[in-house]
2 protein chains.
Amino acid sequence: MILSKKSTYGLKALIALARREGEGLVIISDLAREARIPKKFLEAILLALKNGGILQSRIGKGGGYSLAIPARELTMGRIIRTLEGDYAPLACLRDASYPHCTECDGMELCGIRQVMSDVHRAIAKILDSALLSGVVERSDATKQIIDYSI
Amino acid sequence: MILSKKSTYGLKALIALARREGEGLVIISDLAREARIPKKFLEAILLALKNGGILQSRIGKGGGYSLAIPARELTMGRIIRTLEGDYAPLACLRDASYPHCTECDGMELCGIRQVMSDVHRAIAKILDSALLSGVVERSDATKQIIDYSI
DNA sequence: ACATACTCTAGTTTTTAAGTAGATAAGTAC
DNA sequence: GTACTTATCTACTTAAAAACTAGAGTATGT
């Protein structure tokens, strides 16, 4: 569950967009510069977020990106799932419906599978209850503390 | 938190060893054949587990591997940590002591960091309370159910 | 028309995981 | 002691995924 750069970049961009919520569209170049993300890479990430329904965009002059979902309703789970694909800790957990997979020869894996299934649920629970707005607030709080302490 | 093949193989081998606990040493070739793991790859994995204090071995004729820690005292957390390295969900979580990392420019990451820290703790809690013996028992239980259902 | 900005296709580079080969050291039985 | 067996070590190779880039294409406002 190490967060990829793709997801990290995506989250940073979303945080930046959440901070400007309601202020109209933001262009990729600005986001890339502010968050220090390679522009071309960010393009692909934002596009994925748009296709996932998390962002909306307008093309052409005056265009740019904005949140399609309010930060108070957008969960970390949805964001990460959109960027990483489903974060199943074991291949055979991908489709939860399947009772056992071919890998579980001799069933050694099925014991492992059950533990990893617990892990999976625990991760999902945390990420699906963490809202983007909360992350922004916590970032601001941290910033203040650090500003004061310097 | 997708489990690598290295860890999966390692766990399968440990389960096999746990099943023969108290029955002396098991040679690599047997483990590799039974668990269908490339022998050379398994060698490296078992060596890592030995260096991590999880396995013990004896060289020479009649030699082989056995658990250095009883299956009832060996946690999944220790096993996976030995094979994967510390499974921190974010690079700057690796040393928990450090209050913030250089990546947290503008502090966007610190909000993310806190959420991922929760994830990290949740994973550790589950894996550190799951014993190898429990995994073996659950595997056997699953096996029975499936045997009956066929 | 033209500048602006997103969209799309198709790459390249870098990194990490996965797997292999073969030599060497070391213990045990006989 | 020597032949056998097994662990240990170094150094590759291959395969796959992550990270990043280039450039053409398309839509939009003025």
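Just so it is clear: chains get the letters A, B, ... in the order the sequence lines come, proteins before strands, and each one is counted from 1.
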Here the side-chain hydrogen bond (donor to acceptor under 3.5 Å, both in side chains) pairs for residues 60-69 of chain B, sequence neighbours left out, are B:Q56-B:S66
How far does CD1 of A:I15 sit from CG of A:L132, to the nearest 0.5 angstrom? 6.5 Å
Atom pair distance, as rounded to whole Å: CD1 in B:I45 and P in C:dA18: 9 Å
Nearest-angstrom distance from the residue atom CG of B:L83 to P of C:dA18: 11 Å
Suppose we screen for side-chain contact (heavy atoms from CB on, under 4.5 Å). Which residues come up paired with A:I59, at least two apart in sequence or across chains? none
Consider side chain to side chain contact (heavy atoms under 4.5 Å, CB included). Of A:L11, A:V135, A:L3, which one does B:V115 pass it with? A:V135
From C:dG19, D:dT8, C:dG22, nucleotide with atom closest to B:L47 side chain: D:dT8
Using whole Å, what does the distance between atom C1' of nucleotide C:dT20 and atom CD1 of B:I28 come to? 15 Å
Would you mind building the protein contact string for nucleotides 10-19 of chain D? One character per nucleotide, 5' to 3', B for base within reach (heavy atoms under 4.0 Å), S for sugar-phosphate only, - for untouched. ---------S
Nucleotide C:dA5, atom P - distance to CD of A:E43 in whole Å: 12 Å
Where at least one partner belongs to residues 37-54 of chain B, residue pairs that pass salt bridge (Lys or Arg N to Asp or Glu O under 4.0 Å), sequence neighbours excluded: B:K40-B:E43
Between C:dA5 atom P and A:K50 atom NZ, what is the distance in whole Å? 16 Å
Quickly work out the B:K39 NZ to D:dA7 P distance and round it to whole Å. 8 Å
Distance check, rounded to the nearest 0.5 Å: B:L67 atom CG versus B:L14 atom CG? 6.5 Å
When rounded to whole Å, the CD to C1' distance for the pair B:Q56 and D:dA7 reads 14 Å
I need the residues from residues 57-67 of chain B with at least one non-hydrogen atom less than 4.0 Å from DNA chain C; give them sorted by number, or say none. B:R58, B:I59, B:G60, B:K61
If I take atom CG in residue A:L25 and atom C1' in nucleotide D:dA27, what distance separates them, rounded to the nearest angstrom? 14 Å
Solution key, residues 20-28 of chain B side-chain donor-acceptor pairs under 3.5 Å, sequence neighbours excluded:
| unit_1 | atom_1 | unit_2 | atom_2 | d |
| --- | --- | --- | --- | --- |
| B:R20 | NH2 | B:E34 | OE1 | 2.9 |
| B:R20 | NH2 | B:E34 | OE2 | 2.2 |
| B:E21 | OE2 | B:A71 | N | 2.9 |

Indicate yes or no for a side-chain donor-acceptor contact from A:R78 to the backbone of A:I54 under 3.5 Å, with no hydrogens or angles considered. no
Is there a donor-acceptor contact under 3.5 Å from the side chain of A:S129 to the main chain of A:K125? yes
Per the atom types in the model, does the base of D:dG23 pair as donor or acceptor with the side chain of A:K40 at under 3.5 Å? yes
Let me spell it out: for each of B:N51 and B:I27, pick the nucleotide of DNA chain D with the closest heavy atom. Which residue's pick is nearer the 5' end? B:I27
